[in-house]
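Since the structure is predicted, the reported quantities are computational estimates derived from the model, not experimental observations.
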2 protein chains.
Amino acid sequence: MFKVNKLTDYATVVMVDLVSADLARPSQKIANNTGIPYPTVNKLMKDLLHAGLVRSHRGINGGYSLASPANKITIADIIQAVEGPIALTSCVNNSLDKCTYEDFCAVQGRWNRVNKAVVTALKKVTVADMT
Amino acid sequence: MFKVNKLTDYATVVMVDLVSADLARPSQKIANNTGIPYPTVNKLMKDLLHAGLVRSHRGINGGYSLASPANKITIADIIQAVEGPIALTSCVNNSLDKCTYEDFCAVQGRWNRVNKAVVTALKKVTVADMT
DNA sequence: CCTAAATAGTACCAATTCAGTACAGTATTA
DNA sequence: TAATACTGTACTGAATTGGTACTATTTAGG
């Protein structure tokens with residue numbers, strides 16, 4: 001089945017939860033709000049942080065908050081944060097994999113077009129739209 | 001990484017190969033043309049046949065041919081043939097899975113919009129475009 | 001300055017999915 | 001009727017995924 005990781009799905013839920021956070025919101029509270037297990041939220045937040053989608057504050061009263069307005073963060077951003085570069089096949093330009101058939105492949109480079117179309121579609125939907 | 005199955009990738013290569021086939025083309029020949037292992041081609045053709053994307057002819061001089069003009073078969077068709085319904089998350093309407101958080105999920109139903117956008121993008125690229 | 005709260009990093013494991021293979025059966029044509 | 005090629009099903013090793021555990025580090029507040 002063609003789908004995103006479950007973790008990516010969770011990540012959107014987390015991001016939507018953070019829309020309503022004025023202060024930094026700790027992982028534990030996010031877990032309570034969303035029903036996603038605490039350790040899993042914890043793991044997710046690391047990915048979202050590294051991608052620059054959320055800010056973190058350590059210590060007492062610490063937690064996470066959105067790094068940008070909800071209508072500036074897209075589904076494409078979230079997918080990339082959790083799963084890495086969007087590359088439908090290994091012959092797409094920014095793929096981390098390497099295609100072993102590359103040299104004689106009949107569709108060489110053609111997937112770039114498909115990939116671009118999908119990314120464009122994913123960039124059109126923002127966290128604000130998911131709320 | 002957000003990507004399609006390798007088999008889906010292979011399927012597009014197979015479909016592109018069939019574009020140049022006047023007569024029915026046997027799996028063995030497709031395997032030779034594309035470099036994809038014969039047993040794998042065989043498996044693929046079954047999926048493509050069941051989805052109605054190719055026609056089959058048994059016996060001597062048998063093989064496969066496209067069921068429709070190359071510019072009428074889309075990437076979305078191929079993905080669905082190999083991987084089943086396109087459902088980015090289990091809370092998308094036509095998903096085969098069932099979401100366990102459904103009852104209290106904050107993004108309930110919102111993924112339908114994303115899914116639709118992606119499917120639309122995938123329907124815009126045809127086998128003819130990949131040739 | 002010390003303690004509790006909360007993030008940060010790394011590593012691990014069970015379960016599922018995927019890619020590839022094998023084989024017995026059926027239809028078709030020469 | 002024999003050779004060719006599709007059809008259906010089932011299996012296996014390898015890779016990925018989802019989820020967990022643990023230790024280290026940072027910060028606020030008394």
Side-chain angles (χ1 to χ4, degrees), chain A residues 1-11 13-14 18 21 23-32 34-52 54-65 67 79 82-84 87 89-90 96-101, chain B residues 1-11 13-14 18 21 23-32 34-65 67 79 82-84 87 89-90 96-97 99-101:
Chain A
M1 187 136 48
F2 181 55
K3 60 182 169 187
V4 299
N5 285 351
K6 229 180 205 176
L7 288 177
T8 303
D9 190 359
Y10 292 165
V13 176
V14 165
L18 284 180
L23 311 171
R25 178 170 291 174
S27 297
Q28 184 62 67
K29 179 143 196 233
I30 298 174
N32 290 341
T34 59
I36 301 168
Y38 171 63
T40 303
V41 171
N42 235 311
K43 180 183 203 172
L44 270 175
M45 299 324 291
K46 290 163 200 163
D47 290 338
L48 295 173
L49 179 69
H50 290 155
V54 300
R55 277 190 235 285
S56 69
H57 298 283
R58 292 193 180 192
I60 290 181
N61 298 328
Y64 297 95
S65 53
I79 294 178
V82 178
E83 313 195 24
T89 67
S90 54
L96 302 179
D97 299 339
K98 183 74 185 170
C99 178
T100 49
Y101 294 90
Chain B
M1 189 136 47
F2 181 55
K3 59 181 170 187
V4 299
N5 286 351
K6 228 180 207 176
L7 288 177
T8 303
D9 190 1
Y10 291 165
V13 176
V14 166
L18 284 180
L23 311 170
R25 178 170 293 175
S27 297
Q28 184 62 67
K29 179 143 194 232
I30 297 173
N32 290 343
T34 60
I36 302 168
Y38 170 65
T40 302
V41 172
N42 236 309
K43 179 185 207 173
L44 270 175
M45 300 321 292
K46 290 165 201 164
D47 290 338
L48 295 173
L49 179 68
H50 291 156
L53 301 188
V54 300
R55 278 191 233 286
S56 68
H57 298 281
R58 292 191 180 193
I60 291 178
N61 296 330
Y64 295 95
S65 54
I79 293 178
V82 178
E83 312 195 25
T89 68
S90 54
L96 303 178
D97 299 339
C99 177
T100 50
Y101 295 89

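The shortest non-hydrogen separation linking B:Ala31 to B:Pro37 is CB-C, 4.4 Å. For B:Val54 against B:Leu49, the heavy-atom pair with the smallest separation is O-CD1, 3.5 Å. Here the shortest heavy-atom pairing between A:Ser65 and A:Leu23 reads CB-O, 4.5 Å. Heavy-atom minimum distance, A:Leu18 versus A:Arg25: CD2-CB, 4.0 Å.
Checking side-chain atoms of B:Thr8 against main-chain N and O of B:Val4 turns up no donor-acceptor pair under 3.5 Å.
OP1 or OP2 of D:dT17 has not a single side-chain nitrogen or oxygen of A:Tyr10 nearer than 4.0 Å. In this model, the phosphate group of C:dA6 is not approached by any side-chain N or O of A:Ser27 to a distance below 4.0 Å at OP1 or OP2. Proximity of B:Ser56 to the phosphate of D:dA5: no side-chain N or O atom is located under 4.0 Å from OP1 or OP2.
Distance, A:Asp9 CG to D:dG18 P: 10 Å, rounded to whole Å. Note: CZ (A:Arg25) to P (C:dT7) measures 12 Å, nearest angstrom. The OH-P distance, from B:Tyr38 to D:dT4, rounds to 12 Å in whole Å. The CG atom of A:Leu23 sits 14 Å away from the P atom of D:dA28 (whole-angstrom rounding).
Each of A:His57 and B:Asn61 was assigned the nucleotide of DNA chain C with the nearest heavy atom; the assignment lying further toward the 5' end belongs to A:His57. With DNA chain D read from its 5' end, the first of the two nearest nucleotides for A:Thr40 and B:Gln28 is the one closest to B:Gln28.
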* After noting the C-alpha distance and the side-chain angles of A:Lys3 and A:Asp9, does the key distance pass the salt bridge (Lys or Arg N to Asp or Glu O under 4.0 Å) rule? -> CA-CA 10 Å; A:Lys3 60 182 169 187; A:Asp9 190 359; over 6 Å; no

* Full working for side chain to side chain contact (heavy atoms under 4.5 Å, CB included) between B:Glu83 and B:Asp47 -> CA-CA 9 Å; B:Glu83 312 195 25; B:Asp47 290 338; over 6 Å; no

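Contact of the B:Lys6 side chain with the B:Thr40 side chain is not registered, since no non-hydrogen atoms from C-beta on lie closer than 4.5 Å.
In the set C:dT7, C:dT21, C:dA30, the nucleotide with an atom closest to the side chain of A:Arg58 is C:dT7. Considering only the side chain of B:Pro26, D:dA5 comes nearest among C:dA5, C:dT29, D:dA5.
Considering only residues two or more places apart in sequence or on other chains, A:Tyr64 meets the ring-ring contact (aromatic ring centres under 6.0 Å, His included) condition with none of them.
Heavy atoms of B:Pro37 sit under 4.0 angstrom from primed sugar atoms or phosphate atoms, though from no base atom.
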Could I get a table of every N or O pair under 3.5 Å where one atom is in the protein and the other is in nucleotides 13-18 of chain C?
none

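For DNA chain C, the residues of residues 41-51 of chain B within the heavy-atom distance limit of 4.0 Å (strictly under) are B:Lys43, sorted by number.
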